[in-house]
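Model, not experiment: these values are computed from the prediction.
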Amino acid sequence: MTRPHGLRQVWGRLHVTARDLPFAVLLCFLAFVPSLRGSGTDIGAVAERPYDTSAVVAVGLQALPLALRRQWPAVCLSLVAAGFMLDQLRGYHTVASAALPLALLSTGAHLERCRRTTVAVGSLAYVLFVAELVRRGTDEPPAELASFYVAMCLLWGGGAWLRSTRIAEAERRAQVAEQTRAAERARIARELHDVVTHHVTAMVVQAEAARYLTAAPERLDEALTAVTDTGRRAVADLRHLLDLLNPDHGEGSRTPPVGRLLTLVEQTRRAGQPVEFTEKGTPAASTGSADLVAYRVVQEALTNALKYAHGRATSVLVQHSGRDITVEVGTDGPGTRPVTSPGGGRGLAGLRERVDVLGGEFEAGPRAGGGFAVRARIPTGSRP
């Protein structure tokens, strides 16, 4: 069952000349089949004559260069046109004359340079060919000779259209690739923002607190240990993020390990932020990117709490259901003044984009009783 697929792969790896050669050889063979003699193109009404040495040359010039129609299209067209004129002027009218339309179409599609020069030289060659027919006293009506030229122009135009279509498709793919790279750069920038902002904020807060603990060596040691641990976690997270740039890394490597939310909460507590953590429900068997986004929502919200509401009570609620993960992080504040500006930083804007991509809902703003809250519902893609 896998053999045809394997043959297609082998065929696809062959050079274009090798792939085009079988048809060229077949056309050359058909030209010498007795029942097909004289059944080719007849332009000029030259009396038919038996095959001779010149007939072999005419067939070879028309059929065999088709193997070069994609690699060297101009060479192919020149040889085929020379063989075609010899075929018509000598009156062989071989089946190999069918190579001219294919050569014109291929040259129009694959020739990259000197396209206008090729058209001009080809048109001049046809004028000289018609002049020779007239000199020999052809009975072909001028309208037929003109119609044949128009047909050749249409074949060239068809090849040019195929070329423009191919170029447009290549440009479209390049644009999609660039957009993909830009989106990946933006994703990596958001990851860096989340990792660096959270850990550095925690370290700054812990270091500031350590200033006032010089009279309590035990607590000072705890504070400095917390700074050290936070730095190590920052390095580990950055190494994990850089590993994602490795193309051998799978999508699953982007999801934080189980228990990272608890570690995140504990780290924030050690920075002096009172955090109440609640997790409800059972995580779905497969959550895709939802786990990572939920983690980043909690991380960004706790970072903002450390920055703008240090020391105030903060609550984290993570609820799992069969279809989504709901995250709510709230921080107490004085009166109705918001703890931070909703959507004012890159972090919250980036979180909104992440949640929107997964088809979820995100909101961040002041709470009715004071303080600030971040809420997100993130679909997991699983069915209950």
Side-chain angles (χ1 to χ4, degrees), residues 190-191 194-195 197-199 201-202 205-206 226 229-230 232-234 236-237 240-241 251-333 339-340 347-348 350-352 354-365 367-369 371-384:
R190 289 196 298 266
E191 294 283 349
D194 292 341
V195 171
T197 301
H198 176 78
H199 289 301
T201 298
V205 172
Q206 291 163 349
D229 291 344
T230 302
R232 290 191 180 120
R233 277 191 290 271
D237 282 351
H240 170 76
L241 178 59
E251 182 71 22
S253 64
R254 299 180 182 179
T255 303
V258 176
R260 285 289 298 277
L261 277 177
L262 290 175
T263 303
L264 184 63
V265 170
E266 182 59 30
Q267 176 186 342
T268 308
R269 287 171 177 165
R270 295 178 68 178
Q273 189 75 9
V275 181
E276 179 184 353
F277 177 67
T278 305
E279 188 169 14
K280 299 180 180 179
T282 303
S286 176
T287 61
S289 301
D291 274 342
L292 176 60
V293 174
Y295 178 86
R296 295 305 185 202
V297 169
V298 175
Q299 186 181 54
E300 180 65 25
L302 291 180
T303 300
N304 286 345
L306 279 172
K307 282 183 177 180
Y308 305 108
H310 184 231
R312 295 176 184 152
T314 302
S315 61
V316 177
L317 171 63
V318 178
Q319 187 166 357
H320 301 274
S321 69
R323 291 182 179 274
D324 50 44
I325 301 174
T326 302
V327 176
E328 182 172 348
V329 182
T331 304
D332 292 344
V339 177
T340 185
L348 292 180
L351 290 179
R352 188 181 304 278
R354 293 186 186 205
V355 175
D356 288 344
V357 166
L358 296 182
E361 300 171 359
F362 179 87
E363 59 177 304
R367 299 193 299 188
F372 196 79
V374 175
R375 301 178 184 86
R377 184 188 62 81
I378 309 157
T380 62
S382 302
R383 295 183 177 180

Completion exercise
Heavy-atom closest pair (Ala373 atom, Arg367 atom, distance to 0.1 Å) is CB-CG, 3.4 Å
Exercise for the section: Specify the closest pair of heavy atoms between Pro379 and Gly359, including all atoms of both residues, with the distance to one decimal. Expected result: CG-O, 3.6 Å
State the [atom1]-[atom2] distance between [X] and [Y], to the nearest 0.5 angstrom.
{"X": "Leu262", "Y": "Gln267", "atom1": "CG", "atom2": "CD", "value": "13.0 Å"}
{"X": "Arg375", "Y": "Leu317", "atom1": "CZ", "atom2": "CG", "value": "10.5 Å"}
{"X": "Thr331", "Y": "His310", "atom1": "OG1", "atom2": "NE2", "value": "12.0 Å"}
{"X": "Arg377", "Y": "Arg323", "atom1": "CZ", "atom2": "CZ", "value": "10.0 Å"}

Exercise for the section: Apply the test side chain to side chain contact (heavy atoms under 4.5 Å, CB included) to residues Phe372 and Asn304: give CA-CA distance (whole Å), side-chain angles for both, the deciding distance (0.1 Å), then the verdict. Expected result: CA-CA 10 Å; Phe372 196 79; Asn304 286 345; 5.6 Å; no
Handout entry: Test log, rule side chain to side chain contact (heavy atoms under 4.5 Å, CB included), inputs Val318 and Thr326
Key = CA-CA 6 Å; Val318 178; Thr326 302; over 6 Å; no
Handout entry: Partners meeting side chain to side chain contact (heavy atoms under 4.5 Å, CB included) with Glu266 (sequence neighbours left out)
Key = Arg269, Arg270
Practice task
Apply side chain to side chain contact (heavy atoms under 4.5 Å, CB included) to Ala376 and list each qualifying residue two or more places apart in sequence or on a separate chain.
Solution key: Val297, Val355, Phe362, Ile378
Handout entry: Under the side chain to side chain donor-acceptor pair (under 3.5 Å) test, residues paired with Ser321 that sit two or more places apart
Key = Asp324
Side-chain donor-acceptor pairs of residues 271-280 under 3.5 Å, sequence neighbours excluded:
from   : atom 1 : to     : atom 2 : distance (Å)
Gln273 : OE1    : Gly311 : N      : 2.8
Gln273 : NE2    : Ala309 : O      : 3.0
Gln273 : NE2    : Arg312 : O      : 2.8
Gln273 : NE2    : Thr314 : OG1    : 3.0
Glu279 : OE2    : His320 : NE2    : 2.8

Problem - Option passing side chain to side chain contact (heavy atoms under 4.5 Å, CB included) with Leu358 (candidates Ile325, Val293, Thr380) - result: Val293
